[in-house]
Amino acid sequence: MDHTNHWYGHAHILAEYCGLDPASPPPIRGVIQHGWNFAHGLGYGHVNDHSFTKLVWNDRNRRRGQVIGWRDFAVIGAPYLYLMDLKKDEPAPEREGTIFYPFHGTNDYESVMGSHDKLIEQVKAVEDGPVTACLYYVEYDDPEIRKHYEDSGFRVITHGRRGNQWKGTDRFFLFRQLEEQKKHKRVISNRLTTAVFYGAAAGCEPAVYGDPMEFVGVKAGFNGAGLLEALYPEMFGEHLDIEHALETSRAELGTDHLMSPDELRYTLGWDEPWLESSN
């Protein structure tokens, strides 16, 4: 199984949804889209490999992938939505304040450059109530960056670590993200990112504003600055048309493409008789 299927606990969540052991998900027949992007949904590391089934979140990703000559797509919806289904019967907490996701780098080869202090001041000027700054683990582990947010008076957290090559994966990453988003009235970021769509799906009022910061060392064609505002104008601004933003979020996450447990087991290659149910 491609190691990226374990990122953020995706394979573990889908295994639980399918009635299998979430602590030890079986190998997946394909590669799961692990985060949102404006292209075809797949990361840079997969663009030259056509030997796998591409398990994307929405049909737009499938169409864009096929335009550039790729085949073997299956549209399954975002694993975050399957987690929401698993947790749908849990009582909803009272919502308060804003959860803020500053745009983040990726491991040790991509970083962002800009003024964290200016961004923090803008958030303070716009948001009512307490603010939780959720830093990606890359920035959270950097004491210089983390100090900007700690000194701001914001509550500062991280959801966990992504892991790599099946090591260091925090399979409860998305569990923490969902729990936090359910506590907040608003979800904001300075770039249109996965967390904004997740927050909208979880019932937060989304907004994207502030200095988007520069992506240092980004792979060619993957930056998206300026393009996102043109493609998704309904997602940008301090206060949005909520229904329009939610419609876009549902489409990007693939809400209408979620599968039943039996359908998903078949699609992921988990329909073999030797796979025992955990129930």
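- Residues forming a salt bridge (Lys or Arg N to Asp or Glu O under 4.0 Å) with Lys118 (at least two apart in sequence, or on another chain): none.
- Cation-pi geometry between Arg62 and Phe73 is not satisfied (NZ or CZ under 6.0 Å from the ring centre, within 45° of the ring normal).
- A salt bridge is defined here as a Lys NZ or Arg NE, NH1 or NH2 lying under 4.0 Å from an Asp or Glu carboxylate O, and Glu16 with Arg171 fails to meet this definition.
- Residues forming a side-chain hydrogen bond (donor to acceptor under 3.5 Å, both in side chains) with Arg95 (at least two apart in sequence, or on another chain): none.
- Within the 4.5 Å cutoff, the side chain of Asp211 has no heavy atoms near those of the Asn190 side chain.
- Here Glu263 pairs with Ser260 under the side-chain hydrogen bond (donor to acceptor under 3.5 Å, both in side chains) rule; sequence neighbours left out.
- Scanning for side-chain contact (heavy atoms from CB on, under 4.5 Å) contacts around Glu238 gives Gln122, Val126, Tyr209, with sequence neighbours left out.
- Ion pairing of Asp141 with Arg161 is present here, as a side-chain N (NZ or NE/NH1/NH2) and a carboxylate O approach within less than 4.0 Å.
- Residues satisfying the side-chain contact (heavy atoms from CB on, under 4.5 Å) test with Pro91, not counting sequence neighbours, are none.
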- Query: Please walk me through it: do Leu174 and His10 pass side chain to side chain contact (heavy atoms under 4.5 Å, CB included)?
  - Reply: CA-CA 8 Å; Leu174 293 186; His10 283 168; 3.5 Å; yes
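- Asp117 is linked by a side-chain hydrogen bond (donor to acceptor under 3.5 Å, both in side chains) to His148, counting only residues two or more places apart in sequence or in another chain.
- Considering all non-hydrogen atoms of both residues, Ala195 and Gln177 come closest at CB-NE2, 3.7 Å.
- Residues satisfying the salt bridge (Lys or Arg N to Asp or Glu O under 4.0 Å) test with Arg186, not counting sequence neighbours, are Glu127, Glu205.
- Side-chain atoms of Arg265 come within 3.5 Å of backbone N or O of Cys18 as a donor-acceptor pair.
- Grouping Ile, Leu, Val, Met, Phe, Trp and Tyr by side-chain contacts under 4.5 Å, direct or through others, puts Tyr101 with Ile99, Val187.
- Asn37 places a side-chain N or O within 3.5 Å of a backbone atom of Leu42 that can act as its donor or acceptor partner.
- With hydrogens and angles ignored, the 3.5 Å screen pairs no side-chain donor or acceptor of Thr169 with any backbone N or O of Trp7.
- Residue pairs meeting the ring-ring contact (aromatic ring centres under 6.0 Å, His included) criterion with at least one partner in residues 173-202, sequence neighbours excluded, are Tyr8-Phe173, Trp36-Phe197, Tyr80-Tyr198, His159-Phe173, Phe172-Phe175.
- Taking the side-chain contact (heavy atoms from CB on, under 4.5 Å) definition, one finds that Asp85 meets it with Tyr17, Lys88, sequence neighbours left out.
- Partners of Glu247 by side-chain contact (heavy atoms from CB on, under 4.5 Å), not counting sequence neighbours, listed by chain and number: His244.
- Side chain of Gln33 to main chain of Trp57: a donor-acceptor pair is present (N/O by atom type, distance under 3.5 Å, no hydrogens or angles).
- Residues that satisfy the side-chain hydrogen bond (donor to acceptor under 3.5 Å, both in side chains) test with Lys147, not counting sequence neighbours, are Asp151.
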